[in-house]
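Read through the structure below, which is laid out as structure tokens, and then see the notes.
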Amino acid sequence: MAEPLFKRLALIGIGLIGSSVARIAKDRGDLAAEIVVNARTQKTLDRVVELGFADRVEIDPAKAVAGADCVMLCAPVGAFAALAKAIGLHLMPGAVLTDVGSTKQSVIRDVGPFVPAGVHFVPAHPIAGTEYSGPDSGFTTLFQGRWTLLTPPPGTDTASVEKIAELWRRCGAMVESMEPAHHDRVLAIVSHLPHLIAFSICHTADGLADESRQEVLNFAASGFRDFTRIAASDPVMWRDIFLNNREALLEMLSRFMEDAQGLARAIRWGDAEYIENMVEQGRKIRRSLIEIKQA
Ligand code: NAP
């Protein structure tokens, strides 16, 4: 077994992502010698003790990070500013502070000001997830073959960036660095807009008259069913993502609405070629995803 990358890893928030990292750390033994877990509620920490993947649980985030050489924020991004404020002064000199938040400019904006000199801040985002949440939902293969994007601000200590990259490689992920604004635009189209559409289509179906609503549920074909899976995600997490990637998401939404209008126009005027081309484009994208094993 390789040397553990860190002596003590403090996970702040322990839902799907945090508990997957904790399970991997416990199983492999080479991520960190000790795992400390913090959550907002004692109920979650009690469950973490039952699940057995933490060496210690701590309800006070300041106490959780004390003496940790790696601190990973795994709470919803809307909680990051308050968490950073609570832990900032308690971070150990030389420690690496990282996160798993789905938006990156907002995380740098909210956490950056509370990072003391001598602590290395390496924002990160594992692009892997399910619609489940909480400490029971994590599993050790979640990040296998998936990307983790790092968005270190210019001048970040390269050794710390490399340690976080190695942590994610040991979790099974492929790692790439990206500029935070670029990250937010890319994620707006590949993740945030599809979720917005899924929530909206469920809302539309739910607003139908009673008898049609029952039929929607009874005869849900795979198209609608796939949307309902995406729409089953955690409300707080998605509220925070939408509010913290506002500009990029609204830009992608307006592009999408133009394209949807284009398709509507083609349907209205019987433009068969336009419709066929648009469907063909969708098939091409699906084929290329399968080829690069990201389907
Ligand atoms: P989750 O399953 O909903 O768990 C959230 C955890 O954060 C819980 O342990 C919760 O504690 C804690 N928490 C919530 N509010 C808090 C607060 N105000 N202060 C301190 N702790 C708080 O979340 P998740 O799906 O793992 O997502 C965590 C982060 O990963 C988010 O930033 C999300 O954007 C990002 N992410 C998610 C996915 C995904 O698909 N789920 C993928 C990539 C990245 P309690 O249980 O005690 O409330």
Side-chain angles (χ1 to χ4, degrees), residues 10-24 35-51 53-54 57-65 71-88 97-111 114 123-139 141-144 146-151 168 171-173 175 180 183-184 186-188 190-192 194-195 198-199 229-245 249:
L11 296 165
I12 309 300
I14 195 79
L16 171 71
I17 304 293
S19 76
S20 294
V21 172
R23 284 175 167 93
I24 296 167
I35 306 158
V36 180
V37 166
N38 163 262
R40 184 178 40 167
T41 62
Q42 189 58 46
K43 185 166 167 262
T44 294
L45 291 183
D46 292 345
R47 182 64 188 142
V48 168
V49 171
E50 282 168 15
L51 291 167
F53 52 65
V57 297
E58 179 54 71
I59 191 75
D60 179 353
K63 286 189 186 150
V65 305
V71 173
M72 189 182 282
L73 301 177
C74 303
V77 290
F80 278 21
L83 281 172
K85 190 171 181 208
I87 64 172
L97 173 64
T98 186
D99 78 297
V100 299
S102 305
T103 58
K104 295 277 55 101
Q105 291 178 104
S106 77
V107 168
I108 292 168
R109 175 199 69 204
D110 291 349
V111 175
F114 299 104
H125 178 202
I127 318 273
T130 72
E131 65 277 31
Y132 301 108
S133 52
D136 284 273
S137 61
F139 54 100
T141 52
L142 178 62
F143 310 111
Q144 208 73 47
R146 312 304 303 273
W147 286 98
T148 291
L149 300 177
L150 308 184
T151 64
W168 284 107
C171 288
V175 179
H183 166 279
D184 287 358
V186 171
L187 267 292
V190 301
S191 170
H192 307 167
H195 276 83
F199 297 133
R229 186 189 58 75
I230 299 176
S233 305
D234 186 70
V236 172
M237 177 180 132
W238 280 99
R239 175 201 69 192
D240 285 0
I241 291 173
F242 287 170
L243 293 176
N244 284 286
N245 197 18
L249 177 58

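Numbers here are sequence positions counted from 1. Both counts, for ligands and for their atoms, begin at 1 and track the order of listing.
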Q) Under the 3.5 angstrom rule, does the side chain of Asp184 hit a backbone N or O of Thr103 as a donor-acceptor pair? A) no
(Q) Give me the atom names and distance for the closest heavy-atom approach of Pro135 to Arg47. (A) CG-CG, 4.1 Å
Q) Within the side chain of Asn244, is there an N or O that forms a donor-acceptor pair under 3.5 Å with the backbone of Asp240? A) yes
Q. For Phe139, does its backbone N or O pair with a side-chain atom of Ser20 as donor and acceptor, under 3.5 Å?
A. yes
Q.
Tell me the closest heavy-atom pair linking Trp238 and Ser191, and the distance in Å.
A. CH2-OG, 3.5 Å
Q. Only one of Asp99, Leu83, Leu73 forms a side-chain contact (heavy atoms from CB on, under 4.5 Å) with Val111, so which one is it?
A. Leu73
Contacts table for ligand 1: protein N or O within a distance under 3.5 Å of ligand N or O, distances only.
unit_1	atom_1	unit_2	atom_2	d
ligand 1	2 (O)	Leu16	N	2.9
ligand 1	2 (O)	Gly134	N	2.8
ligand 1	9 (O)	Ile14	N	2.8
ligand 1	11 (O)	Arg40	N	3.4
ligand 1	26 (O)	Leu16	N	3.0
ligand 1	26 (O)	Ile17	N	2.8
ligand 1	32 (O)	Ala75	O	2.7
ligand 1	34 (O)	Ser102	N	3.3
ligand 1	34 (O)	Ser102	OG	2.6
ligand 1	36 (N)	Ser102	OG	3.3
ligand 1	46 (O)	Thr44	OG1	2.6
ligand 1	47 (O)	Arg40	N	3.2
ligand 1	47 (O)	Thr41	N	2.7
ligand 1	47 (O)	Thr41	OG1	2.6
ligand 1	47 (O)	Thr44	OG1	3.2
ligand 1	48 (O)	Arg40	NE	3.1
ligand 1	48 (O)	Arg40	NH2	2.7

